[in-house]
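What follows is a short report on a single structure.
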Protein chains: 2
Amino acid sequence: MMMEHLNKFLNYLSDIYAISTEAKKEISDLTTIVHIKKNNNLQSIGQTCRTIYFVVEGIARINYFKEDKDVTEYFAFENDMIIRAESLFTGKQSHKAIQAISDTSFIAIPAALLFGLFEKHHEVERLFRKIVERSYVDTINRLESLQFHTAEERYQDLIKKSPEVVREIPLKYIASYLGITQVSLSRIRAAIS
Amino acid sequence: MMMEHLNKFLNYLSDIYAISTEAKKEISDLTTIVHIKKNNNLQSIGQTCRTIYFVVEGIARINYFKEDKDVTEYFAFENDMIIRAESLFTGKQSHKAIQAISDTSFIAIPAALLFGLFEKHHEVERLFRKIVERSYVDTINRLESLQFHTAEERYQDLIKKSPEVVREIPLKYIASYLGITQVSLSRIRAAIS
DNA sequence: CAATCTCTTTTACATTTGTTAAATAATCAG
DNA sequence: CTGATTATTTAACAAATGTAAAAGAGATTG
């Protein structure tokens, strides 16, 4: 485990909720680092998700197939958590994969071990609760955007909120993330420029 | 507080995560019951949400206005929690309201007091974490449905998963919940019958 | 029960988005 | 560098959804 990678993760955690040095140490002991090459999967479709990931470097996405079409559900950049929550929290198999969009380094934490820490360190459970709350709020906001904004509004919002997405991620992935086809996204891009 | 109402709520909690009698007692002490008449608001747009609700009886929804159009974000039936998470968890004002669709009885819990219990009763925080996790998973699943299913698929799914929605809720609310206009929903209904 | 109000459907037309295929541009491997 | 592969755009047409207005159905109230 490279120290600067781990520190990036610990800083991310501290910004959400400060925990004791002791707890940080025990969390650190659970981490391993995983390097995934561009376009390779970190996790495959069909597995039950039992691991929590954090992107130290690079870009990743959660994706699935809807009638042979590759749909991107979520993008994770440096300093983002990436969790297939619908599998981790239910114990059901995930029909989603985690894929590296560029060469990416992840910190991996076995969920069962992290959950084990909750018994001893109440504060770790609190930290994790806050992480889940944040992800939940992000998802609610995305739902609102998909529910009643036009595709063009959604694209403009994305440019504004995450310009790095449009700069660094293939448009084909962005299209399905926005809930439209690539052809439609091309048209929108042509119309607004 | 009517006893059977409180028991309904305590049973709901037990099904998610079993907690001690002591903790149950302390949660119970935080609850009040609120009756809201059909079409009236329990919470209005513009407030910061500081209360957690549970529907004991009746039907409620979370709604907001997008360019003068009334959009339903969420339906809550008997035995559902109803929380404006994007405000409660961020401290920001909510641009969403909670409205009773029929005469509805809610259990209300001041969030600050509940969060206060977390200090003394680790198990209460765990219970609440699990509630948030469930809501998060539900939202992820709805996101997936909005992202890449047709309006007709979304309507059919809703009938299958929640037939009571279509039976008991005005179609104008269902339309915006599905992300479409009422005219479009009428067409879909005509097409499939 | 009649009048009014609200909800739902229908119609006609405009707009957006999807589909398929082809053309162009960009990237990658040898 | 060059050919091959992959990504993006464009075009033409089909399908889905939106908009506005009106008609019909259902509920509510005096």
Side-chain angles (χ1 to χ4, degrees), chain A residues 37-41 58-59 61 63 65-72 75 99-103 144-159 163-193, chain B residues 37-41 58-59 61 63 65-72 75 99-103 144-159 163-193:
Chain A
K37 286 279 176 197
K38 179 171 175 171
N39 293 334
N40 287 348
N41 279 355
I59 309 176
R61 65 181 186 128
N63 72 301
F65 290 86
K66 149 93 177 160
E67 289 155 15
D68 290 340
K69 267 169 281 181
D70 180 332
V71 179
T72 296
F75 293 120
Q99 188 188 63
I101 292 179
S102 55
D103 292 3
E144 185 179 328
S145 133
L146 276 170
Q147 196 179 0
F148 251 92
H149 290 212
T150 64
E152 182 176 330
E153 288 172 315
R154 300 197 303 268
Y155 179 64
Q156 299 267 28
D157 283 357
L158 187 68
I159 292 177
E164 73 276 20
V165 169
V166 183
R167 240 187 354 249
E168 299 174 35
I169 295 180
L171 291 169
K172 60 178 178 171
Y173 296 157
I174 296 175
S176 68
Y177 178 82
L178 294 172
I180 55 178
T181 61
Q182 194 182 355
V183 173
S184 194
L185 178 57
S186 262
R187 270 192 294 241
I188 288 168
R189 284 163 55 84
I192 67 182
S193 62
Chain B
K37 286 281 175 194
K38 178 171 175 172
N39 292 335
N40 287 347
N41 278 355
I59 309 176
R61 66 182 185 126
N63 72 301
F65 289 86
K66 150 94 176 156
E67 289 156 15
D68 290 339
K69 267 170 279 179
D70 181 331
V71 179
T72 296
F75 293 120
Q99 187 187 64
I101 291 180
S102 56
D103 292 1
E144 184 179 328
S145 132
L146 276 170
Q147 197 180 359
F148 252 93
H149 291 213
T150 64
E152 180 175 331
E153 286 172 317
R154 298 194 306 265
Y155 179 65
Q156 300 267 29
D157 283 357
L158 187 67
I159 292 177
E164 72 276 20
V165 169
V166 184
R167 240 187 352 248
E168 299 174 35
I169 294 182
L171 292 168
K172 60 177 177 170
Y173 296 157
I174 296 174
S176 68
Y177 179 83
L178 295 172
I180 55 178
T181 61
Q182 195 182 353
V183 173
S184 195
L185 179 57
S186 261
R187 271 192 293 244
I188 289 167
R189 285 164 53 84
I192 67 183
S193 60

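Chain letters run A, B, ... following the sequence lines, proteins first, then strands; residues in each count from 1.
Put simply, chain A comes within 4.0 Å of DNA chain D, heavy atom to any atom, from D:dA7 to D:dA12, going 5' to 3'.
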Pairwise N/O distances under 3.5 Å, protein to nucleotides 20-29 of chain C:
none

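Heavy atoms of A:Arg187 sit under 4.0 angstrom from at least one base atom.
A 6.0 Å sphere centred on NZ of A:Lys66 holds more than 12 heavy atoms belonging to other residues, nucleotides or ligands.
Of the residues near DNA chain D, A:Ser186 and B:Lys69, the one whose nearest nucleotide (by heavy atom distance) lies more toward the 5' end is A:Ser186. Mapped onto DNA chain C by nearest heavy atom, B:Asn39 and B:Ser184 fall at different nucleotides, with B:Asn39 at the one closer to the 5' end.
DNA chain D is contacted by B:Gly179, B:Ile180, B:Thr181 of residues 173-182 of chain B, taking any non-hydrogen atom closer than 4.0 Å. Less than 4.0 Å separates DNA chain D from at least one heavy atom of each of the following residues of residues 146-159 of chain B: B:Ala151.
The minimum heavy-atom distance between B:Ile188 and B:Glu152, with the atom names listed, is CD1-N, 3.9 Å. The minimum heavy-atom distance between A:Ile59 and A:Ile169, with the atom names listed, is CG2-CD1, 3.9 Å. Residue B:Ser102 comes nearest to B:Gly58 through the heavy atom pair OG-CA, 3.6 Å, listed as atom of the first residue, atom of the second, then distance. Considering all non-hydrogen atoms of both residues, B:Val166 and B:Ile159 come closest at CG2-CG1, 3.8 Å.
To the nearest 0.5 Å, atom OH of residue A:Tyr155 and atom OG1 of residue A:Thr150 are 13.5 Å apart. For the atom pair CG (A:Asp157) and NE2 (A:His149), the distance works out to 6.5 Å, reported to the nearest 0.5 Å. Remark: A:Ile174 CD1 to A:Arg154 CZ distance equals 13.5 Å, nearest 0.5 Å. Expressed to the nearest 0.5 Å, how far CD1 of B:Ile101 lies from CD of B:Glu168 amounts to 10.0 Å.
Using a 4.5 Å heavy-atom threshold, the side chains of A:Glu67 and B:Phe148 count as separate. When side chains are defined from C-beta on, A:Val71 does not count as touching A:Phe65, because their heavy atoms never get closer than 4.5 Å. For the pair A:Arg167/A:Glu164, a side-chain contact is recorded, criterion being any heavy-atom separation below 4.5 Å from C-beta on.
A salt bridge is defined here as a Lys NZ or Arg NE, NH1 or NH2 lying under 4.0 Å from an Asp or Glu carboxylate O, and A:Asp103 with A:Lys38 fails to meet this definition.
One end of the helix from C:dC1-D:dG30 to C:dG30-D:dC1 points its axis 50° away from the other end's axis, with each axis taken from 5 pairs and the angle rounded to 10°.
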Under 3.5 Å, sequence neighbours excluded: what are the donor-acceptor pairs made by side chains of residues 175-182 of chain A?
residue	atom	partner	partner atom	Å
A:Ser176	OG	A:Thr72	N	2.8
A:Ser176	OG	A:Tyr173	O	3.3
A:Tyr177	OH	A:Arg142	NE	3.4
A:Thr181	OG1	A:Ser184	N	3.2

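The CD1 atom of A:Ile192 sits 14 Å away from the P atom of C:dT16 (whole-angstrom rounding).
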